[in-house]
Amino acid sequence: MEVISENRCFGGTQGVYKHASSATNTDMTFALFFPAEAQDGPVPVLWFLSGLTCTHENAMTKAGAQLWAAEQGIAICFPDTSPRGEDVPNDEAYDLGQGAGFYIDATEVPWSEHFKMWTYIAEELPALLGETFPLDMERQSISGHSMGGHGALTLAMALPGRFRSVSAFAPICNPTASDWGRKQFTAYWGDEANWGPHDATLLMKGGGFDGPMLVDTGTDDQFWDLLGTESFAEAMTAAKQDGQIRLQKGYDHSYFFISTFIEDHINFHAEALWR
């Protein structure tokens, strides 16, 4: 593993690292923030999955999460959103290909050789973190934004017992009924009959999450019609899910929205992680 950078940050360290991934058959880059407590032993870890077009860097530099993570003594991992490189297939559209992995494992050519983001996030990267860094992998929580919110919700519900809490900012909640989902699932998986259970609304109807959940979405989100918030709210209510969906008046889809409410989300996860 290569150290790209390590910087002092709120008493801890903000690092960026690169490693060869067997899941994606590419080099992958991720960022990891350690609070000062990591010097004395393993600390809990919060995953933050980013959205379309983003890399590890967007949330690392724009969300303002490190201050609140340092106060709570937890680490944050910011993975990339897809494999990258000259030999990795791409598309002219911003919502397909590099930067748009959708946290699933593709089965269709040309995507299937590299686009294995489910395996990377669910298996390979957690194993690497647990072997390399002072992290308590028995204490994990997960969050994300937009496409990353989709990833956070689906990973949390599909991997029972893995995460102690889940939250999301403006998540894509019902991708099988949205152009942000049907387009990508068709490209990555082919015929709809081959699609896996990677829809948060369907997973909620199938049993939900075995822990607390927090979802924030802005009422002025310019992508509201693509998110499926209403469908997810109905499924969450029917399942009597432990959690909240909060509609934040006047906020849009941007990192200004995320940075406004990131303190709430960090504190929400810290309560579950330190319980």
Side-chain contact, heavy-atom cut-off 4.5 Å: Arg246 with Asp264? yes

Do the two ring centres, one from His145 and one from Tyr255, sit under 6.0 Å apart? yes

Examine Met28 and Ile4 and state if one hydrophobic cluster contains both, with Ile, Leu, Val, Met, Phe, Trp and Tyr joined whenever side-chain heavy atoms are less than 4.5 Å apart. no

Establish, yes or no, whether a centroid distance under 6.0 Å links the rings of Trp224 and His253. no

For the residue pair Ile121 and Leu49, establish whether any side-chain heavy-atom pair is separated by less than 4.5 Å. yes

Test item: Leu203 and Pro197 side chains (from C-beta on) under 4.5 Å apart, heavy atoms: yes

Taking atom OH as the centre, does Tyr94 end up with more than 12 heavy-atom neighbours from other residues, nucleotides or ligands that are less than 6.0 angstrom away? yes

Electrostatic pair Glu57-Lys62, nearest N-O below 4.0 angstrom: no

Evaluate the criterion side chain to side chain contact (heavy atoms under 4.5 Å, CB included) for residue pair Phe223 and Ile172; output intermediate values, then yes/no. CA-CA 9 Å; Phe223 304 110; Ile172 302 171; over 6 Å; no

List the steps, then state whether side chain to side chain contact (heavy atoms under 4.5 Å, CB included) holds for Phe30 with Tyr120. CA-CA 11 Å; Phe30 66 93; Tyr120 179 68; 4.2 Å; yes

Under a 4.5 Å cut-off applied to non-hydrogen side-chain atoms, are Leu214 and Phe261 in contact? no

Are Trp118 and Tyr103 near enough that their ring centres are under 6.0 Å apart? no

Val45 and Ile76, any side-chain heavy atoms less than 4.5 Å apart: no

May I ask you to check whether over 12 heavy atoms, not counting those of Lys205, lie within 6.0 Å of atom NZ? no

Working note: Gln248 + Asp216, criterion side chain to side chain donor-acceptor pair (under 3.5 Å); need CA distance, chi angles, decisive distance, verdict. CA-CA 7 Å; Gln248 302 294 356; Asp216 275 324; 3.0 Å; yes

For residues Phe268 and Pro212, determine if any side-chain heavy atom of one lies less than 4.5 Å from a side-chain heavy atom of the other. yes

Evaluate the ring planes of His269 and His265, with Trp represented by its six-membered ring, and classify them as parallel (under 30°), tilted (30 to 60°) or perpendicular (over 60°). tilted

Measure the acute angle between the ring planes of Phe78 and Phe48, then classify it against the limits of 30° and 60° as parallel, tilted or perpendicular. tilted

Tell me if the aromatic rings of His198 and Trp189 count as close, with their centers under 6.0 Å from one another. yes

